[in-house]
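This report concerns only the one structure given below.
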There are 4 protein chains.
Amino acid sequence: MTHTTKTRIVEAALSLFVRKGVIQTTTKDIAAAAGIAEGTIYRHFESKDALVEHLFVANYVPLAKTLDTIQRRSATTMRKLESIVRHLYKMFDDDPTLFTFMLITQHDAVDKVPAGTTTPVAVVRKIIKEGMKQGSVRTMDPQTATHLAVGLILQPASAQIHGELSGPLSQRANDVVTALDRLLRP
Amino acid sequence: MTHTTKTRIVEAALSLFVRKGVIQTTTKDIAAAAGIAEGTIYRHFESKDALVEHLFVANYVPLAKTLDTIQRRSATTMRKLESIVRHLYKMFDDDPTLFTFMLITQHDAVDKVPAGTTTPVAVVRKIIKEGMKQGSVRTMDPQTATHLAVGLILQPASAQIHGELSGPLSQRANDVVTALDRLLRP
Amino acid sequence: MTHTTKTRIVEAALSLFVRKGVIQTTTKDIAAAAGIAEGTIYRHFESKDALVEHLFVANYVPLAKTLDTIQRRSATTMRKLESIVRHLYKMFDDDPTLFTFMLITQHDAVDKVPAGTTTPVAVVRKIIKEGMKQGSVRTMDPQTATHLAVGLILQPASAQIHGELSGPLSQRANDVVTALDRLLRP
Amino acid sequence: MTHTTKTRIVEAALSLFVRKGVIQTTTKDIAAAAGIAEGTIYRHFESKDALVEHLFVANYVPLAKTLDTIQRRSATTMRKLESIVRHLYKMFDDDPTLFTFMLITQHDAVDKVPAGTTTPVAVVRKIIKEGMKQGSVRTMDPQTATHLAVGLILQPASAQIHGELSGPLSQRANDVVTALDRLLRP
DNA sequence: GATGAATGAGAATTCATTCAT
DNA sequence: AATGAATGAATTCTCATTCAT
């Protein structure tokens, strides 16, 4: 079946974590939302913390890999960034909950990611650094450039989550790509 | 005296909230850090929530006013934005704790701000909209433009907080202003 | 087969009960150690309590009978006690786990023994009382005498269990028999 | 006042631990017996474990010191042991609960005693060893001798606790002292 | 105003037991 | 007989809040 107990726990937890925050969500909440007994959570996850970690790592690390794969398929720096933006925004539109979860847990959960693992931010940094070498990105501090680019990409998602923007995020992709181009071109 | 009990509570709370998060900070923690008894907190604030709200509102609303005042003193769109960036980054360098607190509580606390109050984001939006009218900002969706600009401004602060950038934030102001100019100019 | 499921449960439980204590041993522990599913325990025992009771009664009552049989084979009071000491200490050396289990559950489990059943302590008491009648044991309160004798017999076992004595317990038999002789002779 | 909250917790816990066992006694039980809220326990002890440890260490270590002091006041080996037996049995009669608690937690709690601390058993061992040197105790393995003596001393207490002996334990002191004399004299 | 002991409503977690397969 | 997922009551511990002093 597609709805195993574990799946139901994961989905219930994800939705609640996003709506109420991780700490404010109790195991009782999760059990109720998943339609199971509280103790059942512990048949599938060692602890609430382990559940959070699972949710994050199981999605964050693969995302980085996917972004890296996607980026390789495009030739130019701007095409690479464009494909990343489109992929992320489509992901957001398809499953805003999952995307939001990653966005809000990002900083707390970073230390749970095995050291040395590629992150989405690292993929963006790599593209920008290569672009500078080739001359397709203007010369500036690569770390600053990366964070400015990431800011441009994530802020619309963040605004959407907090109700300050509406409609599919994919609609904003063109604007963001244009902004990235203006930000980075020599 | 400058160090009234209330001040000590506020300072202790602010520092702890930023270091450990609002929920993870207990009233016991705050009392210990402030060197007072736990019960004393309730002489000055109705509840922990009220303390959080006070901390946010007492700083967020005045900040918006200050930013508005500052922006009025400059003539052009870009000067306005530049002065805002410089003010914010100086604020960050002077009191990273306060700035960080506002950044992290921003979204949870927004509903605690009296409706209709001007916010920092609203100030940026106003500048951009006026710029568009005058032709000093290229034509695009003003809401998107605002969020892209805010993303550019805040991401370096966020990166600094999470240890991904270092050194005074003021050093980054030029880069950010340049980025804003590239993003917005016609 | 010698290793039926029930046997494996019994052996796993005994070993864990002795090592970790009855309460601290979970049914999960037992199942894991026995290499079976948790539910399977309940095919063979009504409850964890019933398992404990089985373990105790199945060994404690027969032991009392064995000790009684052994004691009958010897002629004098001291020979009787000596044969009991040697039997117990050999039992300890052969299967310290089983012996230890009986020693530690002794007091909690006593009420689980069918009323009127002969216990090992009762066997010792009988020997001493008969000895007093015949004049081979000095006159004193028989109940006190019994407990002093039992104390002499069991303390070395207890010390061994708790790591305060080492080497085969059988080696101590002579010392204990001498002590019993000094304690009891007229 | 003599009945501070902490005292009430300690007394309630002691009594329950002895009656039901440490693990079977819940913090809820303790709070109910002490007439306080469950959370209040944690104002006075870090955890249930810490409470158990406190109860043991706060009584076991001083007891050893007291026994040592008492033993010094007597001249001969047998007088020393006699005074110890009388002190212990009086203690038992005065506060059977405390004595019982120490007896039942003895082995589990030993590792909680700071290494190198004198224990009651060590006091007995010292007396016996000195006795052997002086020739007032017959030659035998001192460790075995110690445990046999301890067995003689404690078994009546143990029997009393489990309802197999009744009346003041002090009444048994003479019998036990005689038994020790028979056991140890050359 | 200040204290700090006490509260009690939950929070996460454990575990003996059940039951459909 | 055996399984193992699921249960839910019970357990330890936390913490914002109250209140007599």
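Chain letters run A, B, ... following the sequence lines, proteins first and then strands; every chain starts at 1.
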What is the distance from [atom1] of [X] to [atom2] of [N], rounded to the nearest Å?
X	N	atom1	atom2	result
D/K28	E/dT7	NZ	P	16 Å
D/R43	E/dG8	CZ	P	14 Å
C/K48	E/dT14	NZ	C1'	12 Å
C/E38	E/dA16	CD	P	7 Å
A/F45	E/dT13	CZ	P	13 Å
B/I23	E/dG10	CD1	P	17 Å
A/Q24	E/dA11	CD	P	11 Å

D/T25 side-chain N/O to D/G21 backbone N/O, donor-acceptor pair under 3.5 Å: yes
Do side-chain atoms of A/K20 reach the backbone of A/T26 as a donor and acceptor pair under 3.5 angstrom? no
Identify the heavy atoms of [X] and [Y] that sit nearest to each other, and give their distance.
X	Y	value
D/Q24	D/D29	O-OD2, 3.8 Å
C/T97	C/V18	O-CG2, 3.3 Å
A/R8	A/H3	CD-O, 3.8 Å
D/P120	D/L63	CG-CD2, 4.1 Å
D/P62	D/V57	CD-O, 3.4 Å

Toward the 5' end of DNA chain F, by each residue's nearest nucleotide, D/T25 or B/T27: D/T25
On DNA chain F, does the nearest nucleotide to D/E46 precede the nearest nucleotide to C/T5 from the 5' side, or the other way round? Give the residue. C/T5
Any non-hydrogen side-chain atom of [X] less than 4.5 Å from a side-chain atom of [Y]?
X	Y	answer
D/S158	D/E164	no
C/K6	C/F45	yes
C/T105	C/Y60	no

Where the side chain of B/H44 is concerned, which of E/dA12, E/dT3, E/dA2 is the nearest nucleotide? E/dA2
Where each pair must be Watson-Crick or G-U wobble with both distances under 3.5 Å, what dot-bracket representation of DNA chain F is obtained, with crossing pairs in [ ] and other-strand partners as |? .||||||||||||||||||||
Using heavy-atom distances to pick each residue's nearest nucleotide on DNA chain E, tell me which of A/Y42 and D/G39 is more 5'. D/G39
Find which nucleotide of DNA chain E each of D/K6 and C/T26 is nearest to by heavy atoms, and output the residue with the more 5' nucleotide. D/K6
For D/T40, which contact category applies under a 4.0 Å heavy-atom criterion: base, sugar-phosphate, or nothing? base
What is the nucleic acid contact for D/I36, judged by heavy atoms within less than 4.0 Å: base, sugar-phosphate only, or nothing? sugar-phosphate
C1' atom, E/dG1 versus F/dT21: distance in rounded Å? 13 Å
From the 5' end of DNA chain F to its 3' end, which nucleotides mark the outer limits of contact with chain A, defined by a 4.0 Å heavy-atom distance cut-off (strictly under)? F/dA5 to F/dG8
